[in-house]
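Written out below as structure tokens is the structure these notes cover.
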Number of protein chains: 2
Amino acid sequence: MMNRSEPKGPFPGSEQTETEASAAAGLNNEALDSILLFTLRKTQAVIMQDFVSRFDALDLRPIQLGALLLIRSNPGSRQSDIAAALGIQRPNFVTMMDELDRRGLTQRTTSNNDRRSYSLGLTPQGEALVNRALQLLAEHEAFVSSRLDPNERRQLFANLNRIESGLTSGGR
Amino acid sequence: MMNRSEPKGPFPGSEQTETEASAAAGLNNEALDSILLFTLRKTQAVIMQDFVSRFDALDLRPIQLGALLLIRSNPGSRQSDIAAALGIQRPNFVTMMDELDRRGLTQRTTSNNDRRSYSLGLTPQGEALVNRALQLLAEHEAFVSSRLDPNERRQLFANLNRIESGLTSGGR
DNA sequence: TATTGTTATACTCTATAACTATA
DNA sequence: TATAGTTATAGAGTATAACAATA
């Protein structure tokens, strides 16, 4: 098993795999490659690229698909709840819902209990689109993870979730 | 060793740790939590929050610090090279350099070989700022990684780099 | 009083086309 | 012709304040 060297950067864990971008111009990237935020940025960028190119056909951006999936799994939720779960501001989610509504993918029905809020749901067309999206999503996810074995993939999710829950609960 | 359950989501690796955001409103997040892009988004968001609050004192955003670090490690580089290494467009990097210059942190000296391009460098004030920043950065990185042992941290970087280099070289 | 959805708005980030000066 | 830096610009993404309706 090659390609797994010892850490060299200022912080432990920065295997100097020589990132593509850095290798390109032959720049020394140690300082950045040992910082999680920068490494996440780069990884996210390439994943995003694959996502966007795959979902171009369905005219769905990541956050839109995220909303549709959340609404599907949580029918009857309020806009505030979905927005919070997506990590976006309520005002910005309104605009998004306007468009999903306009495209006939979602429904806002006024709640019976609390007439201030909506009960969100997918229309049949929304369901149909999500079903097509799930196929694409599986392909995307498989492609993105193709260099990881199942165990490595599990490790990756576990480590990311550990960081996230640590910083969220802990505050600072 | 608790808190490490078996995968339940549609894709392997999605340990249902019940993310903070999802747990908040009690939403079912399986569909999103098993997608790397969404998990990366959330993790990056909390890390970014910590970064921004720490570097507020130095008035440095992540990308600005990234530029300063790259220039320091690669003095004499051209703007195009640094921009490419940062993963941002050349026009946008110009604006950034304008501000770093204005703040007296960087220098653009016209190259001798090729009079179209600049040789970038840090001013003494830039060096001083970066030195202070490195201290903060170490604290940030330690805090962010505090829930990971050195080996888990190494795994995390290795897995992220594997994905990135896989998608970059492979194309699609 | 507090909350839901909304409007307006502003600021950052990102991407592209087109110019200039050099090569 | 091609490249480095630049300008202008447009589109996303993100954040906040303030309002109406409802609780």
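In the text below, chain A, chain B and the rest are named by the order of the sequence lines, each starting its count at 1.
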Residues from residues 87-99 of chain A sitting under 4.0 Å of DNA chain D, heavy atoms only?
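Listed by number, they are Q89(A), P91(A), N92(A).
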For I82(B) and dT6(D), give me the distance from atom CD1 to atom C1', rounded to whole Å.
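Rounding to the nearest Å, CD1 of I82(B) and C1' of dT6(D) are 18 Å apart.
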Atom-to-atom span, CG of N113(B) to P of dT3(D) - whole angstrom:
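In whole Å, dT3(D) P and N113(B) CG are 18 Å from each other.
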Could you tell me whether E152(B) and R162(A) have a side-chain N and a carboxylate O separated by less than 4.0 Å?
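Salt bridge present between E152(B) and R162(A).
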Can you give the first and last nucleotides of DNA chain C, 5' to 3', that have an atom under 4.0 Å from a heavy atom of chain A?
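On DNA chain C, the outermost contacted nucleotides are dA2(C) to dT14(C).
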Do any N or O atoms from the side chain of N92(B) and from the backbone of I88(B) form a donor-acceptor pair under 3.5 angstrom?
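No, the answer is negative, given that no donor and acceptor are paired below the 3.5 Å cut-off.
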Checking T106(B) now: which residues fulfil side-chain hydrogen bond (donor to acceptor under 3.5 Å, both in side chains) with it, not counting sequence neighbours?
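T106(B) satisfies side-chain hydrogen bond (donor to acceptor under 3.5 Å, both in side chains) with D101(B) once adjacent residues are dropped.
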Just to verify, what does R41(A) make a side-chain hydrogen bond (donor to acceptor under 3.5 Å, both in side chains) with, not counting sequence neighbours?
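Result, side-chain hydrogen bond (donor to acceptor under 3.5 Å, both in side chains) vs R41(A): none returned.
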Between side-chain atoms of residues 56-68 of chain A and protein atoms elsewhere (two or more places apart, or another chain), which donor-acceptor pairs fall under 3.5 Å?
{"from": "Q64(A)", "atom 1": "OE1", "to": "R61(A)", "atom 2": "N", "distance (Å)": "2.9"}

dT22(D) phosphate, OP1 or OP2: any side-chain N/O from S117(A) under 4.0 angstrom?
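Answer no for this pair, as no side-chain N or O of S117(A) is under 4.0 Å from OP1 or OP2.
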Looking at dA23(D), I'd like to know if its phosphate oxygens (OP1 or OP2) sit under 4.0 Å from a side-chain N or O belonging to R78(A).
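Negative; the distance criterion is not met.
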Side-chain-base donor-acceptor pair under 3.5 Å for R115(A) and dT22(D)
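Donor-acceptor pair under 3.5 Å: no.
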I'd like to know if the side chain of S80(A) pairs up with that of R90(A) as donor and acceptor (distance under 3.5 Å, no hydrogens or angles considered).
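The criterion, which ignores hydrogens and geometry beyond distance, is not satisfied for R90(A) and S80(A).
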Could you grab the distance from atom CG of N159(B) to atom OG1 of T43(A), nearest 0.5 Å is fine?
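Reported value, rounded in 0.5 Å steps: 10.0 Å.
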Sequence neighbours left out, what pairs pass side-chain hydrogen bond (donor to acceptor under 3.5 Å, both in side chains) with at least one residue falling in residues 115-125 of chain A?
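Non-adjacent pairs meeting side-chain hydrogen bond (donor to acceptor under 3.5 Å, both in side chains): D114(A)-R116(A).
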